[in-house]
Amino acid sequence: MDEMPLIQQYLQLRSEFMGYLYAMTRDAELAEEIYQNAAVVVIEKAEQPETIRDFRAWAKEVVRRQALHAIRAKATTARHGRAMSPELLEAVSNVFTQDESAGSIVPDEAGALRQCLDGLPADKRELVAMRYERDSRFDQIAVHTGSTAAAAQRALSRIRRMLHECIERRMQLAEEAS
Amino acid sequence: MNGEPVNPNHIENLIVGHFDGSLTEEQESVLAEALATSAEAKQIFLSHMRMEGRLHSLGRDGFLREPVEEAALAAERLAPQPVDDAVRSAKSQRLRLVAASTSLAVCTFVILLLTTGVLWSATVSANSVLKEAKQAAAQLVDRAYRLTLTDSDEKSTRRPREYAITARGGGRFVIQPRDGGYVMGSDGTDYWIARPQGPVWVTSDFRSLVPELQRKIPDRHLLNLVDSPDEPLLMDMSALLAHIERRFDIELVDSDNDAEHHVTATLQKGRRNRPTAIDFWADADSGVVLRAEIEWSRDRHMQFELVESAMLSDGWYHYSEHAPGREVERLDALSSR
């Protein structure tokens with residue numbers, strides 16, 4: 001993996017980084033913007049002669065710094081009502097930077113998620129698409145489903161938990177089989 | 001480091017609540033404490049975090065609505081391949097420009113596929129071009145277009161009128177005629193219009209703006225365009241593409257230019273008060289619509305040409321950016337006087 005161009009290595013870590021960025025910002029648009037900004041740093045780094053020993057750790061730090069910079073610069077409070085507490089921001093950042101999960105877990109989980117998504121009933125899948133594809137707010141989803149924002153939020157929370165449990169189950173089965 | 005035992009169900013509820021943005025300050029504090037002290041809480045959080053990121057990536061790249069295909073996973077797995085050209089290409093431009101075209105992962109994935117010669121040559125069609133264009137148009141990127149309106153009839157030929165339009169998804173746009181007679185826009189919530197002198201008129205209901213503006217603004221035709229449900233004025237390109245998808249038969253036009261795909265769209269029979277034909281040219285790599293020509297009749301045309309893609313601040317679409325320090329009058333209030 002280390003022989004791959006940096007930007008390609010960076011792309012392979014996209015989901016991991018986007019997960020962290022969303023956890024930090026709870027704003028898909030801002031998370032994407034930070035991810036792109038960090039990619040610029042990666043590209044610029046690739047033009048420099050020195051080598052990076054541990055790209056994942058280095059890129060994590062780049063993403064973390066970009067995230068903190070963006071959060072300070074942008075008034076996310078205005079968009080989300082209340083900013084995340086500094087202690088939770090710090091805790092999330094620490095969890096991210098200290099994570100030493102094996103890199104192989106990422107594609108395995110991706111495969112499991114795919115199967116779990118394919119197993120979702122159409123109406124639940126539509127809710128997932130509305131939330132993650134169109135970045136719809138709960139009140140917008142509620143209009144579509146004829147419910148309330150709170151009900152839409154609860155429905156999506158249940159789906160998230162279902163998907164997560166499904167991934168865990170499949171990962172466990174795969175581990176037992178190997 | 002392993003800390004106190006935690007109730008996994010409780011922690012997972014907090015984690016899901018965190019991603020929903022629904023936690024109270026107290027709950028955030030409990031979650032922060034758990035993440036700082038419990039290895040199990042960290043693992044649950046990381047696992048949810050990876051899933052969240054993956055769902056956002058799949059959604060961003062348009063893979064959620066239909067059964068998830070191998071292509072989506074392949075984008076994540078990107079095995080080492082002879083991709084030097086693609087990577088050099090990506091490095092040669094600022095990544096913001098890549099972002100302005102489509103999401104980074106999809107764009108790079110398409111470039112990689114192009115270098116291996118397996119995508120367009122085998123699968124390109126009018127539908128695939130339209131789909132790519134819709135995905136590109138859905139990006140929350142600011143795009144500046146030059147709009148040219150041409151109107152003529154048997155008695156007279158009016159000089160084409162030019163406008164500069166900057167638009168982003170979510171209904172945000174700013175439009176200004178070339179002569180600078182006014183500037184009009186929406187920040188996604190309020191619509192506003194300002195002339196070089198005088199107040200800024202603001203309304204949250206664009207349709208109610210029209211009768212007021214007809215008395216105040218000389219360029220009524222453009223306002224009629226904006227107000228008509230039959231007119232795809234393209235406040236963002238998504239509107240035009242959705243319009244094409246619903247109402248038109250589409251066909252890919254052969255072209256010698258490998259950098260673009262040309263699609264011509266013909267109005268389905270039985271439709272009235274709509275453009276008779278729409279042609280658009282999309283960038284072959286990114287799907288971004290570079291220009292579009294809309295024919296209403298033999299004598300009436302609209303042409304959009306992409307001038308640039310950029311990343312502007314949210315505040316750029318607010319009237320205060322374009323008419324700073326002006327008096328603000330809400331047209332809703334004026335209407336009810």
Side-chain angles (χ1 to χ4, degrees), chain A residues 3-5 7-8 11-12 14-23 26 28-29 31-33 35-36 39-40 43 46-47 80 82 84-85 87-88 90-92 94-96 99 101 106-107 109-111 113-114 117-118 125 128-129 131-135 153 156-157 160-161 163-164 167-168, chain B residues 12-13 16-23 25 28-29 31-36 42-43 45-60 62-65 67-69 72-73 75-78 80 83-84 87 90-91 94-96 98-99 103-105 108-109 112 138 140 311:
Chain A
E3 292 172 1
M4 290 162 59
I7 190 64
Q8 196 168 325
L11 286 171
Q12 286 195 320
R14 176 186 164 90
S15 293
E16 183 182 355
F17 290 172
M18 282 300 290
Y20 164 70
L21 291 172
Y22 192 76
R26 291 177 304 202
E29 189 184 340
E32 182 71 29
E33 188 180 320
Y35 178 80
Q36 304 285 354
V40 172
I43 286 174
E47 290 164 356
H80 300 289
R82 183 173 65 79
M84 201 186 307
S85 71
E87 60 175 328
L88 184 55
E90 188 183 346
V92 170
N94 288 340
V95 168
F96 173 65
D99 172 32
S101 309
V106 173
E109 281 184 346
L113 174 61
R114 177 193 61 166
L117 280 169
D118 286 347
R125 193 178 179 112
V128 172
R131 181 66 175 168
Y132 292 97
E133 194 171 298
R134 294 190 221 152
D135 202 21
Q153 181 176 351
L156 269 158
S157 291
R160 274 206 197 94
R161 290 194 69 139
L163 284 174
H164 189 253
I167 292 169
E168 296 278 289
Chain B
E12 193 163 8
N13 283 338
V16 171
H18 168 68
F19 283 106
D20 278 350
S22 62
L23 295 189
E25 281 183 62
E28 282 192 354
S29 182
L31 178 58
E33 174 71 15
L35 292 179
K42 285 179 191 175
Q43 288 312 312
F45 187 88
L46 283 167
S47 179
H48 269 279
M49 196 175 84
R50 287 192 294 267
M51 184 181 81
E52 263 323 280
R54 203 162 283 122
L55 285 168
H56 278 286
S57 292
L58 286 170
R60 190 85 181 175
F63 288 118
L64 278 180
R65 203 157 289 279
V68 184
E69 296 169 0
L73 288 171
E76 196 167 76
R77 285 176 177 153
L78 294 180
V83 293
D84 288 350
V87 173
K91 283 196 297 186
R94 295 285 293 174
L95 198 67
R96 281 184 182 281
V98 178
S103 78
L104 183 62
T108 307
F109 185 50
L112 292 170
L140 288 177
M311 299 286 275

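Protein chains get the first letters and strands the later ones, always in sequence-line order, with residue 1 at the start of each.
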Atom [atom1] of [X] and atom [atom2] of [Y]: how far apart are they, to the nearest 0.5 Å?
X: B:His18; Y: B:Glu12; atom1: NE2; atom2: CD; answer: 14.0 Å
X: A:Glu87; Y: B:Leu35; atom1: CD; atom2: CG; answer: 10.5 Å
X: A:Ser15; Y: B:Arg50; atom1: OG; atom2: CZ; answer: 11.0 Å

Below 4.5 Å, heavy-atom pairs only: which of A:Ile167, A:Val95, A:Val128 has the largest tally toward chain B?
A:Val95

Against chain B, label A:Glu168 side chain, backbone, both or neither, depending on which of its atoms sit under 4.5 Å from a heavy atom there.
side chain

Interchain contact, A:Leu156 with chain B, by part (heavy-atom threshold 4.5 Å):
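Answer is neither: A:Leu156 stays 4.5 Å or more from chain B.
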
Measuring heavy-atom distances to chain A, does B:Phe19 have an atom under 4.5 Å in its side chain, in its backbone, in both, or in neither?
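Both parts, backbone and side chain.
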
Regarding A:Arg26 and B:Asp20, does a basic nitrogen lie under 4.0 Å from an acidic carboxylate oxygen?
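Judged by the 4.0 Å cut-off on N to carboxylate O distance, A:Arg26 and B:Asp20 do not form a salt bridge.
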
